[in-house]
Structures are given as C-alpha cells and as structure tokens.
2 protein chains.
Amino acid sequence: MPTEAEPRKDALVAAAYKILATRGFEGLRTREVAAAVGVNIATLHYYFPHKEDLIRGVVGYAMGRFRETLSGAGSAEGQLRAHFRGLRVLSRDEPELFAVMAELAIRGMRDASLRKIVGGTDDAWRAMLRTLLRRAQDEGALRPNLDPEGMAAVIVATLKGTFMLPATEPENVERTFRQLETLVGLRVKRSPAARTRVERSS
Amino acid sequence: MPTEAEPRKDALVAAAYKILATRGFEGLRTREVAAAVGVNIATLHYYFPHKEDLIRGVVGYAMGRFRETLSGAGSAEGQLRAHFRGLRVLSRDEPELFAVMAELAIRGMRDASLRKIVGGTDDAWRAMLRTLLRRAQDEGALRPNLDPEGMAAVIVATLKGTFMLPATEPENVERTFRQLETLVGLRVKRSPAARTRVERSS
DNA sequence: CGTCTAATCAATCAGATGATTGAATCGTAC
DNA sequence: GTACGATTCAATCATCTGATTGATTAGACG
C-alpha cells in the first residue's frame with residue numbers, strides 16, 4: 001500500500017488534485033497546494049523538487065482513480081450496465097475527476113509524455129468496451145448489427161464530450177446518456193409520440 | 001465590417017488566439033501576444049485594458065469562427081453530410097479552432113459568463129442537428145426509429161469528445177466519425193458478415 | 001504654425017511565483 | 001547524550017507578469 005507510507009506526499013498530491021479540479025492548470029500554485037496541507041513551501045519542494053513532479057503525482061493519482069472504475073465482473077451485459085451506472089454515479093459524486101481528466105487531456109496535446117499516459121488510459125477504456133460489446137453481442141443481449149470496435153470508439157468519445165466538457169444543463173447529459181444506451185441496445189426504445197410506421201430503406 | 005476598422009486590435013486577437021491554441025490559458029502571456037504583433041505592451045493595454053478583455057475578444061472570434069461552419073443550404077440530408085464533411089475538413093485544416101474551443105469549454109466551468117456563451121453555441125449546434133435530423137427523417141433519408149433530440153445530443157457530445165479532446169491516433173478519430181455516420185444512417189452498413197434482417201421495435 | 005486627439009513606446013511598478021538556502025526539530029541508533 | 005538522517009520551516013532570490021505612467025509621434029483641423 002503506497003498510501004500510508006508517505007502521508008504528507010499523498011496529502012500534497014490530493015491537495016493539488018483538488019485545486020487542479022477547481023482552478024485548472026491556469027490556477028495551480030505550489031504555494032496554495034502547500035497551504036492547503038498546512039505545510040511550508042520548502043516542504044513541498046522536499047517531496048517534489050519541481051512543480052512538474054507534483055503534477056506527475058496528480059496524473060498518477062487521477063489516472064489510477066479512473067482506471068479503478070473500469071474493472072468489473074459478471075455477464076458482459078451486466079458489466080456494461082454497471083459501467084454506465086458507475087459513470088453516472090461518478091459524475092454525480094465526483095465531478096472533479098472528470099474536470100481533472102479534461103485538464104490532463106488538453107495538456108496532453110502539448111506534452112508528449114502526458115499524452116502517452118492519457119492516450120493509454122483512453123485506449124484501455126476503448127478496448128474494454130469493445131470486448132464487453134462483443135461479448136454482450138455473443139450473449140445475444142445487444143443489437144447484432146453493431147460494430148463493437150466503432151461503437152466502442154463512439155461511446156468513449158461521447159462520454160468524454162459529455163462528462164469532461166459539460167457545457168450544458170444536466171438534463172442534456174442525461175439525454176445523451178440514455179440515447180447512448182438506446183443505441184447500444186441496453187435500453188428499450190420508449191418513444192411516446194412514436195412513429196408506428198416503420199419505413200424500410202432497402 | 002468590423003474587420004478592417006481596427007487592424008491592430010484584430011491582429012492582437014488573432015495572435016492571442018494562436019497562442020491560446022498552442023499553449024493554452026496556462027501559457028497565455030500578454031507580453032507574448034504583443035511581441036507576436038510586434039507592438040509594445042502598453043499598446044496592447046490601450047486596446048484591451050485588461051487581459052480579460054483580450055480573452056473576450058478571442059472568445060468572440062473563436063465562437064464566431066465556429067458558428068460560421070454551422071450554416072448550410074439544400075436538402076436536410078445534404079446539409080447533414082456537408083456538416084460532417086465540413087467538420088472533418090476543419091479538423092484537418094484548422095485544428096487550432098478545436099483546441100481553443102476546448103480551452104474555452106473548460107474555462108467555462110469556472111466562468112459563468114463564458115459558460116453562457118459556450119453553452120449557447122453548444123445549444124445552437126444541438127438544435128441545428130436536431131432540426132436537420134428530423135427533416136432528413138421526414139425526407140426518408142434516415143432511420144425512422146431515431147430520436148432526433150437524443151441523437152443530436154449524442155452527436156454533439158461525440159464530436160466534442162473527438163475533436164476537442166483527441167487523446168489518440170487520427171485513425172480512431174476517423175473510426176468514430178464513420179460509426180457515427182452509420183448510426184445516423186448516412187452510411188451504408190458495410191459489415192462483411194452483414195445481417196439483412198431488420199428488427200421492428202414496436 | 002498651433003492645437004487637439006489617437007496611437008505608440010520606453011521605463012517602471014507591485015505583486016506573484018517557482019525555487020533555494022541555512023537553520024531548526026525530532027526520532028532513532030549507538 | 002551524542003551523532004545522524006529525515007523533516008520542516010522562515011527568509012530570501014530571481015524572474016515573471018499584468019498593469020501604469022509620462023513622454024513622443026503622426027495626422028487632422030483651423
């Protein structure tokens with residue numbers, strides 16, 4: 001357990017994480033991080049010689065925090081549902097995580113080593129979804145005419161756009177979410193003013 | 001035409017826009033903006049008393065630049081196709097615009113007035129897509145069992161996640177794009193092991 | 001020419017910011 | 001209790017950064 005080994009170090013990372021979530025990189029100051037922990041700036045530099053080192057600490061923490069949510073067990077359909085539910089809960093209880101991830105994603109555009117980390121997590125996420133989709137499809141729980149690879153890419157992109165760049169009311173977030181589930185086949189189409197006609201395109 | 005009225009002012013905004021795209025808010029310095037135009041800092045402050053004023057200028061420029069791409073004429077299906085094609089081209093020729101939009105979207109989380117602007121553009125985008133989808137649907141060019149409202153939300157979220165937070169290789173961007181078009185019905189399902197059956201939902 | 005205004009610049013300020021230094025403090029081993 | 005390594009702090013540095021000041025230039029107008 002690396003947690004209790006260096007409490008001060010972890011506290012500094014946690015404080016930086018919080019500030020990064022609320023103020024972004026634009027407003028991340030070493031002094032403020034130290035103050036939040038109630039520690040002298042020199043102490044911060046004792047553990048993290050350079051600001052960049054502290055940032056790497058936050059990156060590791062945030063990415064690990066997110067990767068935790070990727071795990072799961074049970075049927076593929078169940079895991080899929082659990083994954084969606086988990087994200088919904090996460091966005092409600094811990095929106096800071098998405099704020100931090102967004103900051104990191106953007107910074108990754110200018111920082112090759114960070115881009116590698118963020119991209120890796122992204123790829124892992126997409127790979128997990130692809131596998132889950134394929135398995136759920138084999139279980140017969142999903143639309144059969146669905147490309148798992150492409151759909152996984154769309155899901156990841158949609159969730160990133162929804163949770164990491166939420167420029168609108170929560171109602172739109174929920175609508176996006178539901179539509180995504182419908183597209184995958186996890187949700188029955190419940191159109192109230194539904195068209196009962198169904199044109200055939202072919 | 002507000003463009004040629006104040007060339008220096010526009011040049012400053014353009015320079016700030018460029019720096020914002022490459023360095024983000026984290027690396028936006030008034031001195032650098034002034035230097036890029038070849039002008040004294042005091043001159044910058046003559047036109048933009050505060051840094052925030054300059055930023056507002058960039059916001060207006062970027063948002064206007066993006067809203068331009070939302071226009072269109074012709075059949076709904078044609079407009080939809082044109083819209084997707086336009087975004088593809090834009091992401092290839094002018095990725096800075098998406099970088100700036102991402103910066104603004106994130107900053108909007110902490111700045112109410114900015115959030116209003118970004119959210120407004122977002123809403124307009126979604127509304128346009130919804131209308132287009134509905135019309136294309138009436139034209140019979142799209143899957144009939146598709147909720148325009150929900151699908152518009154998903155499309156916007158996906159495109160934001162894809163272009164504004166591109167943490168992966170371009171190949172994934174293209175895959176996401178194609179899958180999105182397939183979902184809407186703009187692209188024939190070219191699955192080699194294709195299913196010819198078409199399920200009825202009701 | 002003289003005056004007024006818009007535009008521009010060199011020089012500078014005040015505060016912020018990442019980082020360093022040298023001196024405590026504290027617990028542990030001898 | 002002395003010595004030593006690990007922590008922590010007060011004080012300070014060097015630089016950066018947004019902003020201001022006062023002077024200068026250029027053009028318009030009479």
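Note that the structure is a prediction, hence the values are computed from the model and not measured. Letters A, B, ... mirror the listed sequences (proteins, then strands); counts begin at 1.
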Is the centre of the B/F66 ring less than 6.0 Å from the centre of the B/Y61 ring? no
Correct closest heavy-atom pair for A/A157 and B/T176 would be CB-CG2, 3.9 Å
Measure the distance from [atom1] on [X] to [atom2] on [N] and round it to the nearest whole Å.
| X | N | atom1 | atom2 | answer |
| --- | --- | --- | --- | --- |
| B/Y46 | D/dT24 | OH | P | 19 Å |
| B/L12 | C/dA7 | CG | C1' | 12 Å |
| A/L44 | D/dC9 | CG | C1' | 13 Å |

Mark yes or no for whether A/T69, through its side chain, and A/R65, through its backbone, hold a donor-acceptor pair below 3.5 Å. no
Check this one for me: any side-chain N or O of [X] less than 4.0 Å away from OP1 or OP2 of [N]?
| X | N | result |
| --- | --- | --- |
| A/R8 | D/dT7 | no |
| A/T43 | D/dT7 | no |
| A/Y47 | D/dA6 | no |

Sequence neighbours excluded, which residues qualify as salt bridge (Lys or Arg N to Asp or Glu O under 4.0 Å) partners of A/E32? A/R23
Contacts of B/E181 meeting salt bridge (Lys or Arg N to Asp or Glu O under 4.0 Å) (sequence neighbours excluded), chain-then-number -> B/R88, B/R187
Would you mind building the protein contact string for nucleotides 11-28 of chain C? One character per nucleotide, 5' to 3', B for base within reach (heavy atoms under 4.0 Å), S for sugar-phosphate only, - for untouched. -B----BBBBB-------
Can you tell me if B/S75 and B/R135 form a side-chain donor-acceptor pair at under 3.5 Å? no
